[in-house]
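Take a look at the structure below.
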Amino acid sequence: MGIRYVIPYTLYLTPYTLHPTLYTLHLTPSAYSTSILITVISLQTMHQKLRVRFAPSPTGGLHLGGVRTVLFNYLFAKKNGGDFVVRIEDTDQTRFVKGAEEYIFKTLSWCGLEPDESPIHGGPYAPYRQSERKSIYREYAEQLVKADKAYYAFELPEELETMRDMYKTPENPSPQYDHRIRMNMRNSLSMTLEETERLLEDKVPHVIRIKMPESETVTLHDMIRGDVNFNTGTIDDKVLLKADGMPTYHLAVVVDDYLMKISHAFRGEEWLPSVPVHILLWRYLFGEDNMPQWAHLPLILKPDGNGKLSKRDGDRLGFPVFAMDWTDPKTGETTSGFREKGFLPEAFINMLAMMGWNDGSGQEIFSKDELIEKFSIERVHKAGAKFDYEKAKWFNHEWIKAEEITRYQEEVKNIFRKRGIEINDTNKLSKVMQSVKDRCTLLPDFYDQGKFFFESPGQWDLDAVKPKWNADKAAFFVEFSEKLKLLSEWSAPSIEGSFKELAAAKNIKAGELQLPLRIMLVGEKKGPPVFEIAAILGLDETVQRISLLLEKI
RNA sequence: GCCGCGUUGGUCAAGGGGUUAAGACGCAUCCCUUUCACGGAUGAAUCACGGGUUCGAUUCCCGUACGCGGUACCA
């Protein structure tokens, strides 16, 4: 009994974890044989380290979905004491974008998701750029040809176009290069051996395509989706090696995942349809038993309508989609990022983690360490999630409130500087930030909320004061200014005490005087408690602002 | 068209044969505060539809619809 339940579990997890005790908890006391089985598996595979990889292609900025994929890889690796490797999949040289790779690594740093191995971090499986590994792929492709699992194909791209036009029907709008038509094409399957060899010797451009079985069921055991079945007959003979000698993604992932000893492979759901190609490649080349455990992550969808979130949506709806600002080197066009918008990386990854994952407890605010501790791939959702910018901002607000201000004080200082206010008094900045942080959702809000502490308000909301203004009140403030100068201790409570005392003596409601004071100090109806503001402003500035408004009203 | 995945409030979602179907964001109202926030309270879902299975389905099975992804010498 126990065995039936525990075996699938061990297949998933035990080989890669060093905590066998976790699993013995699931055993019934009578399941002694099962316990032995687990021990055996653990011992056999304990030396295998869990390894995951993120494999971006350097074609532009990293968007939400990409960072989320990184995050889940990273969390899973760190939780299980594994390695997180970043491999650059730059096999399409026509799409190479200068600066994109550097941008990717900067983004990971900002997010605090530092790789253990990568082209810039180094590692035992270097090189980590596929363009630099070009020479190793061909032999695997050739090996497949020899085993009759792949073949040479000599069509030029234009000829493929012609083929598609030729076979196109209303029922089949996009004909594939597959088992049904491959014998009608120019390839080593349809031609004689001599013909093929001659073409090869003449260096006629060619690709190598996988020979998909006519009808075979391939099953993927996805960690998120469970078993997914495919019929190989519905899939085309994908190109494995391109005419320029570079592998396509299909060949490259499989070869590199094997060579780099990747144990778990997570990627976006858009890859699901090509899974059978990858499984077959594993079976033919390295054995399906050695294949990593797969998990296909749900997509991040655009907030309105449906479909995958794209950077266009951000431009259209007014929110960032990339992690950091990205300037396209060709067009010079800049796409805004979460960092520059004023997001804290803690909030950014927290928000991303909650898109598709939760721990079931209802908790939503997680630090990176907590995420590492609690993350599990089995609790990742199957369905895509629409991105909600309002919720994203809420996360940032929560993090601003929760974090020590020193954590982001430099950023805030820079924001002030960029807008023309140089702050030298760090102590004052700390006080200001402390008192306005509850009102700040994005980092630049500190400027809007705290500007008046550093320069006199340029204009005053006189309309808020005038209707109830009179000579008694004016006299009150004149006297109040004098009283302030005699205060032995300059603090919010003592200022407030003095204020209320005088109001009582003059028989004016203190409440009616507070709004005018606020307008004097702030200029408008906003900000922290007035006496706190006065305390931070200091005696001279407070008195000065009072008299300035007294003249204007 | 074909293949695959998905479908719980506007959004993120928990739950998973018997529940008043959690919680969060946003929204609305109220309380607190003679500012703006924070905080607190309250309100809003026939669990896509149709068939089964069952004493009982939001939960299991099968269809349908809808959405998405793929269908490239792109990843």
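The chains referred to below are lettered A, B, ... by the order of the sequence lines, with proteins before strands, and numbering in each begins at 1. Just so it is clear, the structure is predicted and the values come from calculations on it, not from any experiment.
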Look at the side chain of [X] and decide which nucleotide, out of [options], has an atom nearest to it.
X	options	value
Asp388(A)	G69(B), C36(B), G10(B)	G10(B)
Phe230(A)	U35(B), G4(B), C73(B)	G4(B)
Lys242(A)	A75(B), U34(B), U35(B)	A75(B)
Glu364(A)	C5(B), A24(B), A14(B)	A24(B)
Ala243(A)	A75(B), U34(B), C73(B)	C73(B)
Leu272(A)	C36(B), C73(B), C5(B)	C5(B)
Thr234(A)	C25(B), C3(B), G1(B)	C3(B)
Glu390(A)	U71(B), A75(B), C25(B)	C25(B)

On RNA chain B, nearest-nucleotide positions of Glu524(A) versus Met355(A): which is more 5'?
->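 Taking each residue's closest nucleotide, the earlier one in sequence belongs to Met355(A).
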
For Arg186(A), does its backbone N or O pair with a side-chain atom of Glu155(A) as donor and acceptor, under 3.5 Å?
->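 The answer is yes, because a donor-acceptor pair under 3.5 Å joins these two groups.
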
Would you confirm whether Lys468(A), through its side chain, and Pro516(A), through its main-chain N or O, come within 3.5 Å as a donor-acceptor pair?
->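 The answer is no, because no donor-acceptor pair under 3.5 Å joins these two groups.
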
Ring pair (Phe, Tyr, Trp, His ring centres under 6.0 Å) partners of Tyr408(A), counting only residues at least two apart |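 Residues passing ring pair (Phe, Tyr, Trp, His ring centres under 6.0 Å) with Tyr408(A): Phe446(A).
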
Distance-only donor-acceptor check, side chains Asp313(A) and Ser310(A), under 3.5 Å |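 Result is yes, a qualifying pair exists.
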
